[in-house]
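Below, chains carry the letters A, B, ... as their sequence lines are ordered, and counting in each starts from 1.
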2 protein chains.
Amino acid sequence: MSVKKSRSPSMRRQPQQTRSQERVNHILTAAEELFMEVGYEQTTTRAIAARAKVAVGTLYQFFPDKEAILKALATRYFQAEYQLFAALHTPEAESLSLGDYVDRVIDAFDHFMNSQPGYRAVYEQLLNLMTYSAVEAMDDYEYRIVDELAAFFARLNPDLNAEKSQTIALIVVKVVGDLLWLSASQTPAQQRSLIAETKVLMLSYLDRYLGDRMG
Amino acid sequence: MSVKKSRSPSMRRQPQQTRSQERVNHILTAAEELFMEVGYEQTTTRAIAARAKVAVGTLYQFFPDKEAILKALATRYFQAEYQLFAALHTPEAESLSLGDYVDRVIDAFDHFMNSQPGYRAVYEQLLNLMTYSAVEAMDDYEYRIVDELAAFFARLNPDLNAEKSQTIALIVVKVVGDLLWLSASQTPAQQRSLIAETKVLMLSYLDRYLGDRMG
DNA sequence: AATAAAATATGAACAGTGTTCATATTAATA
DNA sequence: TATTAATATGAACACTGTTCATATTTTATT
């Protein structure tokens with residue numbers, strides 16, 4: 001069992017040879033497969049090494065510990081998630097009606113979560129490691145999404161001060177993330193009504209602040 | 001590392017002698033202290049036994065595994081949480097204005113979370129064990145709260161069918177829980193504005209369904 | 001009160017984990 | 001080709017949750 005480390009680098013040694021690059025990828029895909037099959041806790045570093053056709057020691061040459069492997073996988077998904085957000089918040093998006101905006105964003109993230117097979121398994125386990133102080137643990141990418149969403153809101157309604165738009169953005173990101181996450185573990189019918197209701201929730205809320213700016 | 005068990009009873013043997021009753025309590029308080037001090041994962045069954053002045057084996061005489069100890073602690077908090085909910089949803093509550101109702105409920109749960117010192121540490125770690133299928137893991141108490149809240153809403157607005165009021169209740173419980181949880185890890189100033197904003201969110205949303213029934 | 005039987009407590013032993021590090025192997029350089 | 005640096009290996013280590021034969025304590029019986 002690993003002891004809390006102050007701040008370990010995500011990689012122990014940058015792979016310099018192309019052969020090593022491949023090995024790192026093998027390790028990551030092997031780990032992702034196993035995390036999806038039996039979960040993070042039940043996945044053994046020995047099992048990862050075995051599936052990647054590598055010795056345990058090799059694993060620790062690239063990753064300081066088991067947690068770092070999960071984080072490396074999570075980073076890939078967070079990057080994709082951020083890019084999805086960015087693509088949805090171009091200047092053109094500011095001229096949408098509020099209803100269309102909410103529809104687009106929630107449908108897009110819903111689709112993202114369901115289309116990426118490994119996303120759920122990785123994200124689920126990542127939450128477990130982010131125990132102490134959710135703020136500190138909140139990944140850089142989620143921070144950036146909140147910041148940029150706050151700026152997006154402030155642009156639409158300049159009456160919102162920085163603090164207020166930040167709080168609104170934080171609530172939107174957290175609530176939508178939470179409800180989409182919840183919907184993922186429901187029957188398709190429940191899933192549909194939950195997502196429809198999430199849109200109602202966001203629409204009702206944002207209408208207070210952006211109602212007269214966005215259709 | 002424990003293997004997934006199909007469905008283990010929460011207790012291995014009911015303590016029949018008063019001496020055993022005390023021991024179980026000693027074990028639980030020792031475990032709670034340690035979970036708060038170093039977290040669930042870092043807490044060793046040996047450490048729990050040592051602090052409770054008991055042998056490791058004794059621990060396993062009452063609890064099938066480490067997880068059961070956490071669950072026993074969690075049950076205490078869930079019961080208290082349910083009773084808080086029940087106290088807030090008496091027939092008299094139906095005659096409150098929507099604003100007063102939201103204020104009361106959110107303030108009460110906010111106070112509950114901050115006044116119970118062990119609640120956060122236990123709940124945080126409990127979330128980690130509820131990985132697979134949040135629905136199945138959702139404790140009986142939370143289920144009951146959603147059900148009764150749905151009934152409360154349906155009583156206020158009989159136009160809401162069972163399915164709809166259930167979805168609304170689920171969203172309210174999840175969102176309020178999530179945002180209060182988030183606020184717990186913020187600075188006092190952020191905490192205040194986040195809670196105020198949570199009220200705005202709930203008010204905006206519930207107004208759609210209960211606006212003409214509750215003030 | 002003494003004894004037998006049942007209930008309860010104990011902690012060394014077990015099987016398994018994440019991680020390390022002296023050693024062997026491979027690649028780069030001279 | 002010989003030398004040196006980089007990389008790969010897996011047995012060994014420290015520690016974990018859990019068990020179970022044994023010792024102790026309580027209860028029941030004589």
Anything under 3.5 Å between a protein N or O and an N or O of nucleotides 10-14 of chain C, put it in a table, one pair a line.
| from | atom 1 | to | atom 2 | distance (Å) |
| --- | --- | --- | --- | --- |
| C:dT10 | OP2 | B:Arg23 | NH1 | 3.2 |
| C:dT10 | OP2 | B:Ala55 | N | 3.1 |
| C:dT10 | OP2 | B:Thr58 | OG1 | 2.7 |
| C:dG11 | N7 | B:Gly57 | N | 3.4 |
| C:dG11 | O6 | B:Gly57 | N | 3.4 |
| C:dA13 | N6 | B:Arg46 | NH2 | 3.3 |

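Within the 3.5 Å criterion, the main-chain N or O of A:Ala86 finds no donor-acceptor partner in the side chain of A:Thr90.
Rounded to an integer number of Å, the gap from CZ of A:Phe63 to P of D:dA8 is 12 Å. We find that CD of A:Glu41 is positioned 12 Å from C1' of C:dG18, with the value rounded to whole Å. A:Ile48 places its CD1 atom 8 Å from the P atom of C:dG18, with the value rounded to the nearest Å. Per the geometry, NZ belonging to B:Lys66 stands 13 Å off C1' belonging to C:dT17, to the nearest Å. In this structure, CG of B:Asp65 is placed 17 Å from P of D:dT16, rounded to the nearest angstrom. Atom CD of A:Gln42 is separated from atom C1' of D:dT16 by 14 Å (rounded to the nearest Å). Here the P atom of nucleotide C:dG18 and the CD atom of A:Glu67 are 13 Å apart, to the nearest Å.
Residues satisfying the ring-ring contact (aromatic ring centres under 6.0 Å, His included) test with A:Phe85, not counting sequence neighbours, are A:His89.
A perpendicular orientation is assigned to the rings of B:Tyr209 and B:Tyr205, their planes being inclined by more than 60° (bins at 30° and 60°).
Ring centroids of B:Tyr143 and B:Phe78 are separated by 6.0 Å or more, keeping the two rings apart.
Applying the 4.0 Å criterion to OP1 and OP2 of C:dT20, one finds that A:Tyr60 has every side-chain N and O outside that range. Close to D:dG17, at under 4.0 Å from its OP1 or OP2, lies a side-chain N or O of B:Thr44.
Across every non-hydrogen atom of A:Ile27 and A:Leu59, the tightest pair is CD1-CA, 4.3 Å.
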Review item, side-chain donor-acceptor pairs of residues 111-118 of chain B, under 3.5 Å, at least two apart:
| from | atom 1 | to | atom 2 | distance (Å) |
| --- | --- | --- | --- | --- |
| B:Asn114 | ND2 | B:Asp110 | OD1 | 3.3 |
| B:Ser115 | OG | B:His111 | O | 2.9 |
| B:Ser115 | OG | B:Phe112 | O | 3.2 |

